[in-house]
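The block underneath contains the structure these notes are about, expressed in structure tokens.
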Amino acid sequence: MNNKVTIIGVGSVGATIAYTLVASSSVSQIVLIDVNSEKAESEAMDIKQATPFLSPANVYEGDYSDAAGSDIVIITSGVGRKPGQSRIDLAQTNVNIITQIAPEIVKYAPDAIYLMVANPVDVLTYVFEKVSGLPKGQVIGSGTILDTIRLRTRLSELYSINQKQVHAYVLGEHGDSSFVAWSTANIAGIPLKEYSDAMVDTKVLPITPYSREEVEEYVRKSGGKIIAGKGATFYGIAASVANIVNSLYSGVDSVLALSSMLQGEYGISDVCLSIPCVLGRKGIITTLTPTLSPEELSKLQSSAEMLKSVLAKVQY
């Protein structure tokens, strides 16, 4: 096996992704690229020295040319939002970074699958695909996969059940206009709204009363709460990215909520946002359009319009 991944941007998120990939035994080579080459070299050394207790892997600092032969390129480069900075200002700053990266990295790894993690992820996924000229499916945004696992975590707590048995999606923008697709949520195949009635003895596994609004608030505010307490959030996104990478390498197609270029799904086109996608070895094979309630469909379309309004104001 010679699974090779390049990570561009080796801050807390990029470094934690690299470590998680080594710990999950899914890769044999990881190239770390950062404008701060000393930081990238130190992170590579630190992770590589953990491999005797993890899995064999060659982790090293490099430049764009070292990305040649990569199966997957993960992009975390970008700056965080500063106090008083508007969403548009942040978008333009990080768009400028992505437009510089795109031609350089694609030159050396034209066949790689590109996974955008930097924020605003939906905007940057769109810009990267447009600037790179790569086909739909080869450019993926992590999108609402992090929001989705936050949702699954909260529902597992409320229903006192294994997180892996909870199946539910957050769709739309990875941001304020995201929403929970409650109509598709289920536990082990049992629709959420029927789960309590399906349980023979509710005293054994009591369900904590909750409102949907409270759950959505938990999902939407989790990132801000974590950042306020520790300065950044990176374990959840690292686990999410590792899951995407493992799915790409597994050879078994998987369904995940990811950001990709929509081409008519739900009446939405020419914007990247998250709906369920079938992910295979060559990237996104197809998207899925489960039936949404009229309210959910309206939220998805509103999310698309919000993202389009941002894209209309950035230059690339």
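Computed over heavy atoms, backbone and side chain alike; hydrogens, waters and symmetry mates excluded.
Side-chain polar atoms of Ser259 and Asp122 form a donor-acceptor pair below 3.5 angstrom. For Asn96 and Gln92, the side-chain atoms include at least one donor-acceptor pair closer than 3.5 Å.
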Lys4/Val31 under side chain to side chain contact (heavy atoms under 4.5 Å, CB included): CA gap, chis, key distance, verdict: CA-CA 8 Å; Lys4 181 177 180 179; Val31 183; 3.7 Å; yes
Output, in order, the C-alpha distance, side-chain angles, deciding distance and verdict of side chain to side chain contact (heavy atoms under 4.5 Å, CB included) for Ile275 and Leu288. CA-CA 7 Å; Ile275 62 173; Leu288 300 176; over 6 Å; no
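Counting only residues at least two apart or in different chains, ring pair (Phe, Tyr, Trp, His ring centres under 6.0 Å) contacts with residues 215-266 are absent. Sorted pairs that involve residues 62-74 and meet salt bridge (charged side-chain N to carboxylate O under 4.0 Å, His left out), not counting sequence neighbours, are lacking altogether. Each ring pair (Phe, Tyr, Trp, His ring centres under 6.0 Å) pair with one or both residues in residues 175-213, not counting sequence neighbours, appears once here: Tyr159-Tyr195, Tyr159-Tyr210. A ring pair (Phe, Tyr, Trp, His ring centres under 6.0 Å) check over residues 117-146, counting only residues at least two apart or in different chains, returns the pairs Tyr114-Phe128. Sorted by first then second residue, the salt bridge (charged side-chain N to carboxylate O under 4.0 Å, His left out) pairs that include residues 20-42, not counting sequence neighbours, are Lys39-Glu43. Residue pairs meeting the salt bridge (charged side-chain N to carboxylate O under 4.0 Å, His left out) criterion with at least one member in residues 267-276, sequence neighbours excluded, are Lys130-Asp270. Screening residues 249-258 for salt bridge (charged side-chain N to carboxylate O under 4.0 Å, His left out) gives no qualifying pairs among residues at least two apart or on separate chains. Sorted by first and then second residue, the side-chain hydrogen bond (donor to acceptor under 3.5 Å, both in side chains) pairs involving residues 183-192 (not counting sequence neighbours) are Ser183-Glu296.
For the pair Ser303 (side chain) and Leu300 (backbone), a donor-acceptor distance under 3.5 Å is absent. For Arg152 (side chain) and Val166 (main-chain N/O), a donor-acceptor pair under 3.5 Å exists by modelled atom type. Under a 3.5 Å cut-off, the side chain of Glu61 and the backbone N or O of Ser42 do not form any donor-acceptor pair. Side chain of Lys136 to main chain of Met261: a donor-acceptor pair is present (N/O by atom type, distance under 3.5 Å, no hydrogens or angles). Under the 3.5 Å distance criterion, the side-chain polar atoms of Ser55 are matched with a main-chain donor or acceptor of Val22. With Thr144 contributing its side chain and Asp147 its backbone, the two residues share no donor-acceptor pair below 3.5 Å. Of the possible donor and acceptor atoms, none in the side chain of Glu194 sits under 3.5 Å from a partner among the backbone N and O of Pro191. The main-chain N or O of Gln263 is found under 3.5 Å from a side-chain atom of Glu265 such that the two form a donor-acceptor pair. For Asn243 (side chain) and Ala239 (main-chain N/O), no donor-acceptor pair under 3.5 Å exists by modelled atom type. Side chain of Thr51 to main chain of Pro56: no donor-acceptor pair is present (N/O by atom type, distance under 3.5 Å, no hydrogens or angles).
In terms of heavy atoms, Asp111 sits closest to Gln138 at C-NE2, 3.6 Å. In this structure, Leu32 and Ala40 approach most closely via the heavy-atom pair CD1-O, 3.8 Å.
Using a 4.5 Å heavy-atom cutoff, the side chains of Thr6 and Ile72 are not in contact. Ile17 has its side chain within reach of Ile7: a pair of non-hydrogen atoms, C-beta onward, lies under 4.5 Å apart. Within the 4.5 Å cutoff, the side chain of Leu292 has heavy atoms near those of the Leu171 side chain.
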Would you list the atom pairs, donor with acceptor, under 3.5 Å between side chains in residues 101-108 and any protein atom, with sequence neighbours excluded?
none

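Taking the side-chain contact (heavy atoms from CB on, under 4.5 Å) definition, one finds that Gln49 meets it with Met45, sequence neighbours left out. Residues passing the side-chain contact (heavy atoms from CB on, under 4.5 Å) test with Ser178 are Val170, Arg220, sequence neighbours excluded. For the side-chain contact (heavy atoms from CB on, under 4.5 Å) test, residues two or more places apart in sequence or in another chain that qualify with Ser298 are Ser302.
Of the inter-residue distances, the one linking Ile237 atom CD1 with Ser240 atom OG reads 5.0 Å to the nearest 0.5 angstrom. For the atom pair Ile75 CD1 and Ile140 CD1, the distance stands at 11.5 Å (nearest 0.5 Å).
With salt bridges taken as basic N to acidic carboxylate O contacts below 4.0 Å, none links Glu216 and Arg212.
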